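What follows is one structure encoded as structure tokens, with my remarks underneath.
For the single chain, residues carry numbers from 1 onward in sequence order. Since the model is a prediction, treat every value here as computed from it, not as a measurement. Read the numbers this way: they start at 1 and go in the same order the structure lists the ligands and their atoms.
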Amino acid sequence: MRNTNDSKLSSWVSAANDPSCDFPIQNLPYGVFRRGDMPGEPWRVGVAIGDQVLDLAGAHMSGLFKSTPIEEHNVFAIAGLNSLMMQGRPVWTAVRERISELLDASKPILRDNASLRKKIMIPLDEIENMMPMAVLDYTDFYASAHHATNVGKMFRPDGDPLLPNYKHLPVGYHGRASSLCVSGVPVRRPMGQTKADDADMPTFGPCRLLDYELEMGYVVGSGNELGTRVSIDKWRDHLFGMVILNDWSARDIQKWEYQPLGPFNAKNFCSTISPWVVTLDALTPFAAGPPARSPEDPKNLDYLNPPGESFDVTLEVLIQSKQMEEKDMAPVRVSIGSLKDMYWTCAQMLAHHTSTGCNMRPGDLLGSGTVSGPAEESRGCLLERTWRGANPIQLPTGEERKFLADGDTVIMRGWCERDGFRKIGFGECSGEILAAE
Ligand code: MN
């Protein structure tokens, strides 16, 4: 067994050894790509390493996965990670070990084969990504008690900010998989029905309160049969990895439509994910134990115990307006927080979601809900960050933002850092707002 998280490992891809790089040899995130200048080329699975991509479909065809469990089956030669996901955790780990060997500075197999390298190593700036997996179902949770409390205070000022169920179960709703997009795809401002508090009748028009939600997307690898449950202690067998997720939200539409069945058109026009799936194997050194609980918090029912792990992933949001872009001004950070501040874990989401016998399938996506912490700067959406527009964000051009304007680009980044381990990055999840049509 090879320790693929060992901080002493280095790669013959020199950019991967830079401590600030998102994609060191300890990361090895998977994505689906093709060369940008060769649109006829098939989409296929690759792994990001330093400033390059290793074409895994090509590596398999060149015999580099001989004597591994996928020797007979090129799971990388399709436009999605779903085939690899279906193989299950022991195969995921074996494949990761092999890729780690292929890219290891001390192993000659690819390092010393210049002609093969030329065929299957491609600079990251020459590729385009598509969705890393076919997502059949997408569910969005609401796992930050800080976020739920803030939103409750704004949407229901007269009641308890947290509804009575909040600390007993991870609240979620079934989202829309068809409008999931990969980073870089522009986001059209939605049209919708809204009603002003002082108006008698609703109106239809462009959303006026367009927002982002900073989330982690948990990617299911192994599913479960309809009618069976995923026991909470088996969560590692099912969770393949994580991506950054931007759950774009139309707040004015949401406010009018969300009761009694929850969000609908306020959320279904687009959700964006980062292109590289960072595996649970790469994230294991950054597991942060179960989420903190205070003595007043209720005990979880047995099926939600033990809670599994939260992960110390730092997440930030940056905005660049059209004016900033034209003046060559860099995007500015508007928030920074950590996934470890969430009340519910991915393990609890999986156990709760399947507790009825609902089946998960390889590639299913579970959104964490907006990642907000206790500090103001860690609030993961503009609704909270500007307190519904009461404290606008000041941009370096002198512009201010209560909610998003047309031409704004929202960029989310995430990474893990810990003494003794290499930084593991998620890359970027970005999208530019286009005017409503
Ligand atoms: Mn959400």
Quick check for you: to the nearest 0.5 Å, what is the distance between Leu304 atom CG and Ile232 atom CD1?
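Answer for the CG-CD1 pair, Leu304 versus Ile232, is 5.5 Å.
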Can a donor-acceptor pair be found between the side chains of [X] and [Y] at a distance below 3.5 Å?
X: Tyr212; Y: Asn246; result: no
X: Asn129; Y: Ser183; result: no
X: Arg96; Y: Thr4; result: yes

Take atom CZ in Arg229; do more than 12 heavy atoms of anything else shown fall under 6.0 Å from it?
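Counting neighbours around CZ of Arg229, 12 or fewer heavy atoms of other residues, nucleotides or ligands fall under 6.0 Å, so no.
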Metal environment of the Mn ion (ligand 1), protein N/O/S under 2.8 Å:
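Counting only protein N, O or S atoms under 2.8 Å from the Mn ion (ligand 1), the list reads Asp140 OD2, Glu213 OE1, Glu215 OE2, Asp247 OD2.
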Of all pairs that satisfy salt bridge (Lys or Arg N to Asp or Glu O under 4.0 Å), the ones with a partner from residues 358-384, not counting sequence neighbours:
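Residue pairs with at least one partner in residues 358-384: Asp137-Arg361.
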